Amino acid sequence: MSRTSARPSAESTGTPPGDQPDDTSSLAPGLKQRHLSMIALGGVIGAGLFVGSGTAIAAAGPSIVLAYAISGALVMLVMRMLGEMAAAYPASGSFSVHSERAIGPWAGFTAGWAFWFLLCVAVGLEGIGAAQIAHSWVPGVPEWLWVALFMLVFTGTNVSAVKNFGEFEFWFATLKVAAIVAFLVIGVLAIAGLLGNDAPGTENLTGHGGFMPNGTEGLIAGLLASVFAYGGLETVTIAAAESEHPVQGVAKAVRTAMWRIALFYVGSMVVVVALIPWSDQALVDPDKGSYVATLEHLDLPAAGVIMKIVVFVALLSAMNANIYGASRMAGSLVARGQGPKVLGRVHGGVPRIAVLLSAVFGFVCVLLSYWRPDDIFQWLLKTIGALILVVWFFIAASQLILRRRLEREAPEKLVVKMWAYPYLTWVALAGMAVVFVLMAREEGTREQLYYAGGLTVLLAVVGYARQRLTATK
């Protein structure tokens, strides 16, 4: 199927043009299937897995495996829903476009700008993390200058042809995936006692306080940490709109990515907690993390240096992908009349002004971490804490509505189908509600929920006011 034939139109669905936003007409297709597959895998594999998972393990103990399995199941449901809609309606605005189709312009506005804000702040955070590593290697160069250099490089890759972004992300993701596969292989050999070590058996899984040493509270803390570690998969459905064959591309990428990511995340946690005591302080060392701590526990030479390089690449990869995702989301919103027109200008098939704005916003977040670390920067961090859940909620709500519409008006577009519709969609919504409730119960996450909720309400009010104003013109 060609890109032109894959793009939905108002005529093909039998609904008014205003109900069928299309944001892909001016973007140039340049991504191949191999790009999409690795973007799907690499987008979610970041420093959160390599380093941040250590804190989650310290909170949950060996039950972190259960926490990652539960949150992974929820993410798989969300991605299946998103894959269904993305295959039927390829758009660079992804779930924002789907929300507008299903619920209304205010919903597309809210989901889209919330996600743009989330990605831009994440760009800054990843830049800070990468700069800290680079500064440890070259102390003479200040951290802010490293961030500026990274921003320049990835802004350059994103303002040029989209295939350049695809190539960068392909090789970044390939390295990350190779590192995880190598870790899993080493871990399995070590668990079997084939690396010159004694097989640990179940000592670390059931000893040191048992499988759930901190009880259900520890499991809940691990669950909340694991939910947000999966964020990033959504980028593949944004990128699909700029692929040569968006329908087939997103369908294949979503199908293959889900089980692989579940294997990588859950498998990694099994290896870690089987080989090293969950109470080992190396797990919470920000300079090490769960992977390095485990490899060093096995007395493998140069493990720390190698994994530090992998984490560095993972951070750069996330910066690259998030600048891309933020720029495409902003460009899509503007193309649908949901933002300043200047951001929607496309040059050479790329929304270059949107790229520049997203990169600049990310760099401002970095500067705020130096200028106002205790107030404005902390507000930014707390605000993005629960935004990914807001996005997932819009995805599930939109899929409930659009699936019914597709079955009635264009069943041939259901290339990817949500499992056991509508029951598993409702299960996913219930799961999100449970996570929201758990966040409200936990002191450490309650404030994040309030800040994210406040931003969501503000965006919804602005979006609804714009919708009413447009309707009266």
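In this text the structure is predicted, and so the values were computed from the model without any measurement.
In this structure, CG on Leu118 lies 7.5 Å from CG on Asn322, to the nearest 0.5 angstrom. Atom CH2 of Trp144 and atom CZ of Phe363 lie 6.5 Å apart (nearest 0.5 Å). To the nearest 0.5 Å, the span separating CG on Leu295 from CZ on Phe183 amounts to 5.5 Å. Considering CG of Leu438 and OG1 of Thr445, their distance stands at 8.0 Å, rounded to 0.5 Å. From Lys382, atom NZ reaches atom CG of Leu449 across 13.5 Å, with rounding to the nearest 0.5 Å. Atom CD1 of Ile395 and atom CZ of Phe95 lie 6.0 Å apart (nearest 0.5 Å).
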Go through the steps to decide whether Val123 and Ser358 satisfy the test side-chain contact (heavy atoms from CB on, under 4.5 Å), and finish with yes or no.
CA-CA 9 Å; Val123 167; Ser358 301; over 6 Å; no
Does the side-chain contact (heavy atoms from CB on, under 4.5 Å) test come out yes or no for Ser226 and Met269, once each step is laid out?
CA-CA 11 Å; Ser226 63; Met269 293 304 101; over 6 Å; no
Please report the C-alpha distance between Met418 and Met85 in whole Å, then the side-chain angles of each, then the deciding distance to 0.1 Å, and finally whether the side-chain contact (heavy atoms from CB on, under 4.5 Å) criterion is met.
CA-CA 9 Å; Met418 175 60 182; Met85 294 185 292; over 6 Å; no
Derivation of the side-chain contact (heavy atoms from CB on, under 4.5 Å) call for Met439 and Leu224
CA-CA 7 Å; Met439 289 189 72; Leu224 293 177; 3.7 Å; yes
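No side-chain heavy atom of Tyr89 sits less than 4.5 Å from a side-chain heavy atom of Val97. Side-chain contact between Leu119 and Tyr324: absent, with no pair of heavy atoms (C-beta onward) separated by less than 4.5 Å. With a 4.5 Å cut-off on side-chain heavy atoms, Ile323 and Val355 count as touching. By the 4.5 Å heavy-atom criterion applied to side chains, Leu283 and Val272 are counted as neighbours. Between Asn158 and Val350 there is no side-chain heavy-atom pair separated by less than 4.5 Å. Proximity of Glu126 to Phe150: side-chain heavy atoms (C-beta onward) are nowhere separated by under 4.5 Å. In this structure, the side chains of Trp392 and Met81 stay at 4.5 Å or more apart for every pair of heavy atoms. Using a 4.5 Å heavy-atom threshold, the side chains of Val177 and Phe264 count as touching.
Under a 3.5 Å cut-off, the side chain of Arg446 and the backbone N or O of Arg441 do form a donor-acceptor pair. Side-chain atoms of Ser317 never come within 3.5 Å of backbone atoms of Glu169 as a donor-acceptor pair (strictly under, hydrogens ignored). Side chain of Thr425 to main chain of Tyr421: no donor-acceptor pair is present (N/O by atom type, distance under 3.5 Å, no hydrogens or angles).
By the 6.0 Å contact criterion, CH2 on Trp371 is open, its count of non-hydrogen atoms from other residues, nucleotides or ligands being 12 or less.
Aromatic ring pairs are classed by plane angle as parallel below 30°, tilted from 30° to 60° and perpendicular above 60°; the pair Trp379 and Tyr451 is perpendicular.
With Glu84 as reference, Arg403 is the one residue of Lys417, Arg403, His98 to meet the side-chain hydrogen bond (donor to acceptor under 3.5 Å, both in side chains) rule.
Nearest heavy atoms, His297 versus Leu275: CD2-O, 3.1 Å. Among all heavy-atom pairs drawn from Val147 and Gly127, the shortest one is CG2-O, 3.4 Å. Across every non-hydrogen atom of Trp278 and His208, the tightest pair is NE1-O, 2.8 Å. Listed here is the closest heavy atom pair of Ala59 and Ala221: CB-CB, 3.9 Å. What you find for Gly140 and Pro142 is that their closest heavy atoms are O-CD, 3.7 Å. In plain terms, the two heavy atoms of Pro200 and Ala190 that are nearest each other are CD-O, 3.8 Å.
Side chains of Thr157 and Asn320: a donor on one and an acceptor on the other come within 3.5 Å. A donor and an acceptor atom, one from each side chain of Trp146 and Gln132, are nowhere located under 3.5 Å apart.
Between Phe436 and Phe393, the gap from one ring centroid to the other reaches at least 6.0 Å. With ring centers used as reference points, Tyr68 lies under 6.0 Å from Tyr265.
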